[in-house]
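Here is the structure we will look at, set down as C-alpha cells.
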Protein chains: 2
Amino acid sequence: MKPRILVVDDEPEAVELVEFNLKQAGYAVNTAADGAEALRKARAQTPDLIVLDVMLPEMDGFEICKTLRLDAATARVPIIMLTAKAAEIDRVLGLELGADDYITKPFSPRELLLRVKKILARSGADEKVEEQLRFGDLLIDLPRHLASWKGRSIDLTATEFKLLTLLAQRAGRVQSRDQLLRDVWEYDSLIDTRTVDTHMRRLREKLGSASKHLDTVRGVGYRFVE
Amino acid sequence: MKPRILVVDDEPEAVELVEFNLKQAGYAVNTAADGAEALRKARAQTPDLIVLDVMLPEMDGFEICKTLRLDAATARVPIIMLTAKAAEIDRVLGLELGADDYITKPFSPRELLLRVKKILARSGADEKVEEQLRFGDLLIDLPRHLASWKGRSIDLTATEFKLLTLLAQRAGRVQSRDQLLRDVWEYDSLIDTRTVDTHMRRLREKLGSASKHLDTVRGVGYRFVE
DNA sequence: TGCGGCTGTCACCCAATCGTCACAGTGGCG
DNA sequence: CGCCACTGTGACGATTGGGTGACAGCCGCA
C-alpha cells in the first residue's frame, strides 16, 4: 500500500509541482485548494500525511491545522506546513498548532521528499520497506528476523542479522566501515576498530557458500553483490 | 552546489587559514568574527556546516552553539568546535551543547578537512555528485565503486579508482600533479614525487583502450578528455 | 551465582597495494 | 641535429589493510 498524502495549497502551480514529485516518489496524492475542501477530504479518507500551505484564502493553514487536530479521525495525522516567512516558524511548530515539520518557500523537491520520508518513517506509515529480501537462494525475512539459504535457516545473532540486512538493502553499493558502524552499531564513531571486520567474518562463516554475496572492496568497505 | 561552511573565529589569521583550506577543497566559505555576526549570518543563509571557535569575545562558542540549536532554521546544522583545551571537550560533545565534532588547536589543515568531509558525508549535504559518470563506453559507478569498459568491469584499486573519478569529474580541465596529490592523496606536502605518474601508468594499463581518455599535458599535468 | 552465547578488541600474518628509484623514451626548442 | 626537461616503464622493498584465532567483559538466564 502506497502512503496517501493530501496536499493543500491554493496556487495550482505549487500543487502541481508537489503532486508531481510525490507521485514520482511512489506516493498516492490527493489535493485540495482551500480549507473546506481539505477538511472534507481529510475526514473522508484519512491520509498518512498532510502537506499544508499556511497562506490560504478564507481559512488559513493555522485554522485548518487546529481543526484537524480536534477531529479524532485526523488528530494524529502528521502535518508538514509550507510557509514563506521564517517568523511563522515558531508558531507552526509550537504546541498550539503542533505541525510535525515545516518547509520554507521556496523549497527544492529534494528537500520536500526528504522531510516527507522522514515523517512517514517516524509514524511507521512508510511501510513500503520490503518485508523480505531474496537473492537467489538467500532469503532474508525482516519481520521474522530469519535468514535462510536454500530453505535451510541460518542462525544469526542480532548484530549479524542487522549487518546482513543493511548490506542487502543497499545491495551493490559499497558501504564504508564508518557507515556500517553508524548504521548498524549506531556509533557516532570517530574511533577506529576492527569490529566490523570481525562481524563480517562471523557472518561469512555462518552463511557458508551464501557468503559469496559479501564482497570486500579493499581500501573502501564492503558490498553486497546480487 | 558547493556545501556552504560558516567559519567563526575572532583571530583574522586563524580565519584566513581555515578559509583558504576549505575554499581550496571546493567549499563555499563565509566568515564571522564574533557571536552576533555568526548568528546573523547563520540565520540569513543556513550553512551546511559551522566551524566555531570556543574562545570569542563577548559571546563565547558555547553560547552561540546553544543559541543556534534553539532556532529552528539552524537547529540541525552540524557544528565543529575549535578548542584549545582538552578539558573542554566533554562539554563540547555533551548533550547540553551537542556539537558534532571538535578539533583541538593547533590543528593541521588536513585534519580539519578530514573532519569536515566526514561530517558532511554523514549529513548527506556533501551533495549528490552524479552517481554515475559515462563517457562513451566507459562507465564509472561511484556508489558501487566499479568502473567498466564496454560492459566489462575493470578491476581498480582504491587509489586508481579515486584518481580516475577525480579526473573524470573534472573532464576537460587539466589537473596538475600537485592538485592530484592534494585531492586524491590528501597530502598537504609539496613533496615532489613520481607517484602520480606511476599511478597514471597503472591506470592506463588497466583501462586498456579506454586509456585514450587520459591525456598527458606536458609540463602541466593530466587531463581527462571525453 | 554460575553458565553460555554475544560482542568488541588485540595480536599476528599474508598478500595486495603503494611509493620510490633508476633508467629508457619522447617531445620541444635552439 | 642534439640537448634537456619531462614523462613512461619496470622492478622492488615497505606499508597497509583485512582475514583469522584467541580472549575477556557483558548480559540474560537458570
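The figures here come from the full heavy-atom set of this structure, side chains too, leaving out hydrogens, waters and symmetry mates. Chain A is the first sequence line, chain B the second, and so forth, proteins listed ahead of strands; every chain is numbered from 1.
On a pure distance criterion of 3.5 Å, no polar donor-acceptor pair joins the side chain of Arg204(A) and the base of dG19(D). Residue side chain Arg202(A) reaches the base of dG8(C) through a donor-acceptor N/O pair under 3.5 Å, judged by distance alone.
Phosphate contact (OP1/OP2 of dT7(C), side-chain N/O of Trp185(A), threshold under 4.0 Å): absent. Taking only side-chain nitrogens and oxygens, Thr159(B) comes nearer than 4.0 Å to OP1 or OP2 of dC18(C).
Contacts of Thr216(B) with the nucleic acid, taken as non-hydrogen atoms under 4.0 Å apart, involve only primed sugar atoms and P, OP1 or OP2. Residue-level contact check: Thr198(B) touches the bases, meaning some heavy atom is under 4.0 Å from a base atom.
Going from atom CG of Asp197(B) over to atom P of dC21(C) covers 13 Å, rounded to whole Å. Rounded to whole angstrom, the span from the CE atom of Met200(A) across to the C1' atom of dG19(D) amounts to 11 Å. At whole-Å resolution of the value, NZ in Lys162(A) and P in dT7(C) are 11 Å apart. What separates NE2 of His145(B) from C1' of dG17(D) is a distance of 14 Å, to the nearest Å. Rounded to whole angstrom, the span from the CG atom of Leu163(A) across to the C1' atom of dT7(C) amounts to 13 Å. In this entry the distance linking NZ of Lys206(A) with P of dG5(C) reads 11 Å, nearest Å. When the P atom of dC18(C) is taken as reference, atom CG of Leu181(B) falls 14 Å away, rounded to whole Å. Atoms CD (Glu205(A)) and P (dT20(D)) sit 8 Å apart, rounded to a whole Å.
Of the candidates dC18(C), dG10(D), dG8(D), dG8(D) carries the atom nearest the Tyr222(B) side chain, counting heavy atoms from C-beta on. The side chain of Arg194(A) lies closest to dT20(D), out of dG19(C), dT20(D), dT7(C). In the set dT7(C), dG19(C), dT17(C), dG19(C) carries the atom at the smallest distance from any side-chain atom of His199(B). Distance from the side chain of Thr195(B) is smallest for dT20(C) among the nucleotides dT20(C), dG8(C), dT17(C). Counting only heavy atoms from C-beta on, Arg201(A) has its side chain closest to dG21(D) among dG19(C), dG21(D), dC18(C). Comparing dT7(C), dG8(D), dT17(C) by their closest approach to the side chain of Arg218(A) singles out dT17(C).
Ionic pairing of Arg177(B) and Asp197(B) is present here: one or more N-O contacts between side-chain nitrogen and carboxylate oxygen are shorter than 4.0 angstrom.
Between Phe224(A) and Phe135(A), the angle of the ring planes lies from 30° to 60°, which puts this pair in the tilted group.
A distance-only check finds a donor-acceptor pair linking the side chain of Glu37(B) to the backbone of Ala33(B) [under 3.5 Å].
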Inset, instruction - Take Lys162(B) and Asp183(B), measure what salt bridge (Lys or Arg N to Asp or Glu O under 4.0 Å) needs, and give me the verdict at the end. - result: CA-CA 9 Å; Lys162(B) 202 164 175 187; Asp183(B) 296 343; over 6 Å; no
Inset, instruction - Could you please spell out the steps behind the side-chain hydrogen bond (donor to acceptor under 3.5 Å, both in side chains) verdict for Arg144(B) and Ser153(B)? - result: CA-CA 11 Å; Arg144(B) 287 169 199 273; Ser153(B) 90; over 6 Å; no
